[in-house]
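Letters go in sequence order (proteins before strands), and every chain restarts at 1.
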Amino acid sequence: MSSVLLFSILMLSLLGVALAIILYLVAQKFKVFEDPRIDQVEAVLPGANCGGCGYPGCRGFADAFVKSEDLSSFFCPVGGNDTMNAAAAVMGKTVEAKDPEVAVVRCSGSPENRKRIVKYDGASSCKIATSLYSGDTGCQFGCLGLGDCVAVCKFDAIYIDPVTLLPVVSDEKCTACGACVKACPKFIIELRKKGPKSKRIFVSCINKDKGGVARKACQLACIGCGKCVKVCPHDAITLENNLAYIDFNKCKLCRKCVEECPTSAILELNFPPCKPKVEAEAQVEKTE
Amino acid sequence: MNMLKTFSKGGVHPPENKISAGKSIEILPLPQKVSIPVSQHIGAPANVLVAKGDKVKVGQVIAQSSGFVSANIHSSVSGTVESIDAVLDSSGYKRQAITITVEDDEWIESIDRSTELKKDIQLNAQDIIKRINESGIVGLGGATFPSHVKLSVPAGKKAEVLIINGVECEPYLTSDHRLMLEKGHEMMVGIQILMRALNVEKALIGIENNKPDAIKYLKSIAGEYKGVEVHGLKVKYPQGGEKQLIKALINREVPSGGLPIDIGAVVHNVGTAFAVYEAVQKNKPLFERVVTVTGKNLPKTANYIVRIGTSVAELIAAAGGLPDDTGKVVNGGPMMGKALTSTDVPVTKGTSGIIVFQSKESQRKTDSACIRCAKCVSVCPMGLEPYLLNRLSQRMMFENMEHEHVLDCMECGSCSFECPANLPLLDYIRLGKAEVNKIIRSRKN
């Protein structure tokens, strides 16, 4: 009885050792060298696999990052400059810092400002609604409020405001991965420079209709009057197709255009409230 | 009585509601002004030939076809060009259109305005196709595909049979029905012209059995025209789809991704046949068409001959105006038509009907979860699996949709109609189709 047991154990052990040797030899023979730095780079990446960098997930980014000579084209919008510095340190290189960006919704057409003229009862998707018709208001450019951008956001950074029916982006959570920019069939969302303390100024409208038509559809529409272009001291504003656009690289956040805009289409975010004008002038006098 | 013919796969039978079937065709009074869009057909938009302030006459070419798959646009009224500007189309987007203020009703001299029937055909096949092209004729069943393209049979293929679509399977619509009853002889001559253009000996007219008067009348006059047969068909939606009609009449199936000409068939609508008669025998280009105006609550339902470019609001006004509890105004049939965002849109070559729905019948019901009952699979006339395509589309798996033959879908809406969970199946499938087409285009580049 015991000899049977002993024999079995011995045979299986021998078989195991023999197979292990074969496996070891095969593994040596067909070894694929993988740069250990890929793992190291992947470890410092956020691991969100959002695709915001343009590569298929963080591993894909790390792979391309390690194999590439020039690192200037790489940027992880989720991790930002800290992550990029850490990743470059693995490679023994440095990368230039980039300004952090954030998604902005360029439409202010809440029901109060933009009357709903038809009722849509189809599938709850902006893409489908766009393929069927121009929208439930007189503005064919504006936000439909059905939330395709909310559905694609992996960071829970965007939600539809129940009162304005417009998407709201959270400055803290938004990583500027650009998923919502691609998802929006009306091209309303844009990535813009975050600015110091998240201060930013932008034209919150993409209506390219002529002034009267645009204004009839929405109270807060850009009517293409060009006042902001004239008042801007930094040449940051251009007017094309009845629509003003502020170049965020040139904008110095002076807020002159915000005051000038007759339809309040230019929005300022995260600024301290304006001091009343009289007081400001009085202060100037005092200093003189 | 022997079994009526129909197509084999899928299909539904929505309530017919052919309220306006007994109303003879009336001529709608001339409007004050018309807005004629330059893109009323599938293919490239036509190039505008007139400028602001120009005087135009009825039948004058105002926009020229800009390619092989394109069509001429003719003025439907006489008057002055007021503007060439963007006008809302039926989906609310702005499209280029020529707006003309109407003055009198002066036709160009070449049009023969007599009502007498002209039977003998003088033109040969090539000249017929040329005339049809010049007259801006497109498929009047609703798809608005330029007719001369269908008649130009590609080399290596041969047309064996001409199929005339008098099915009118969409509920409510009656414009083709009335046309068959009132313009039967003209239509038959139109069919003879199409037969000559295609060089075929046989033409089959398919009519659904809910129009017995039209079947009886056309059968009684068919003897006078060589090679024309009239067939009654079982009532089943979407029999008016050309692939379904071919299957029903000659029992052949168009291969996936193919065209009817691949199996020797060419399908034209009865409205197109009538337009061809007018273009070839009377030299009259396509600038008016029969439009059904109907609805359960509408004070009056009617079939009007309408000049292209007339505002939908005028049609509804002629029918007694919008009732108070109107929910939707649909351009086309209730199954495949489009809800309008405004009644201030022009009638185009593809407008077969305007239907005014009460708010309670037009509302979509709330949807619930798919229970995999497979009703959508059994009603799909193309043999697709709508529930699966719906899920793939929601998950953005468009390449898989391509493998599931989503491009065969003709958007008949049978799946959404039948779904007990009221899922918007077609909405998602249509989205998928658009994305798959994008993928295919990007592959070519």
Side-chain angles (χ1 to χ4, degrees), chain A residues 49-51 56 109 114-144 146-154 179-180 182-187 206-214 216-218 221 224 241-243, chain B residues 83 85-95 326-332 336-345 357 359-367 389-391 393-396 398 411 413 415-416 419 421-438:
Chain A
N49 291 319
C50 64
R114 190 172 54 139
K115 264 198 208 123
R116 269 39 180 178
I117 50 172
V118 288
K119 198 168 149 250
Y120 173 73
D121 63 356
S124 185
S125 151
C126 305
K127 259 192 185 154
I128 288 174
T130 311
S131 70
L132 288 173
Y133 79 132
S134 62
D136 51 1
T137 66
C139 172
Q140 62 167 315
F141 302 93
C143 178
L144 300 166
L146 297 169
D148 276 13
C149 48
V150 178
V152 293
C153 183
K154 290 202 174 165
C180 52
K182 281 180 211 144
C184 180
K186 299 266 188 195
F187 311 106
I206 55 161
N207 193 322
K208 295 190 182 74
D209 278 331
K210 282 178 193 151
V213 182
K216 203 178 156 198
C218 177
N241 295 331
N242 307 311
L243 179 64
Chain B
S83 63
D85 208 351
V87 167
L88 288 186
D89 72 353
S90 57
S91 20
Y93 289 106
K94 284 177 182 144
R95 308 258 188 245
T326 302
K328 270 180 196 169
V329 178
V330 171
N331 175 2
M336 287 183 75
K338 252 186 158 175
L340 295 177
T341 53
S342 148
T343 54
D344 216 11
V345 299
F357 286 105
S359 46
K360 75 168 192 289
E361 55 176 350
S362 72
Q363 256 163 19
R364 285 214 198 190
K365 293 174 199 131
T366 41
D367 51 347
L389 295 172
N390 175 45
R391 290 208 168 179
S393 178
Q394 282 179 343
R395 284 164 179 67
M396 294 192 247
F398 301 118
E411 306 178 15
C415 48
S416 298
C419 181
N422 304 314
L423 291 173
L425 295 165
L426 177 58
D427 288 350
Y428 278 99
I429 294 172
R430 202 188 278 127
L431 172 68
K433 265 180 86 173
E435 295 292 330
V436 168
N437 274 325
K438 258 188 228 165

Review point. Can you find a pair of side-chain heavy atoms, one from A:Gln140 and one from B:Thr341, that are under 4.5 Å apart?
Key: no

Study note, to complete from the structure: Honestly, the part of B:Ser393 sitting under 4.5 Å from a heavy atom of chain A is neither

Check your understanding: Can you tell me how far the SG atom of B:Cys419 sits from the CG atom of B:Leu426, to the nearest 0.5 Å?
Key -> 12.0 Å

Can I get a per-line list of side-chain donor-acceptor pairs under 3.5 Å for residues 126-133 of chain A, giving both atom names and the distance, sequence neighbours left out?
{"unit_1": "A:Thr130", "atom_1": "OG1", "unit_2": "A:Cys126", "atom_2": "O", "d": "2.6"}
{"unit_1": "A:Ser131", "atom_1": "OG", "unit_2": "A:Ile128", "atom_2": "O", "d": "2.7"}
{"unit_1": "A:Tyr133", "atom_1": "OH", "unit_2": "A:Asp136", "atom_2": "N", "d": "3.4"}

Review point. Around B:Lys338, counting heavy atoms of other residues, nucleotides and ligands shown, do more than 12 lie under 6.0 Å from its NZ?
Key: yes

Review point. Given that the side chain runs from C-beta out, which part of B:Arg364 has a heavy atom under 4.5 Å from chain A: side chain, backbone, both or neither?
Key: both

Point to revise | Side chain, backbone, both or neither of B:Lys328 within contact of chain A (heavy atoms, under 4.5 Å) | key: side chain

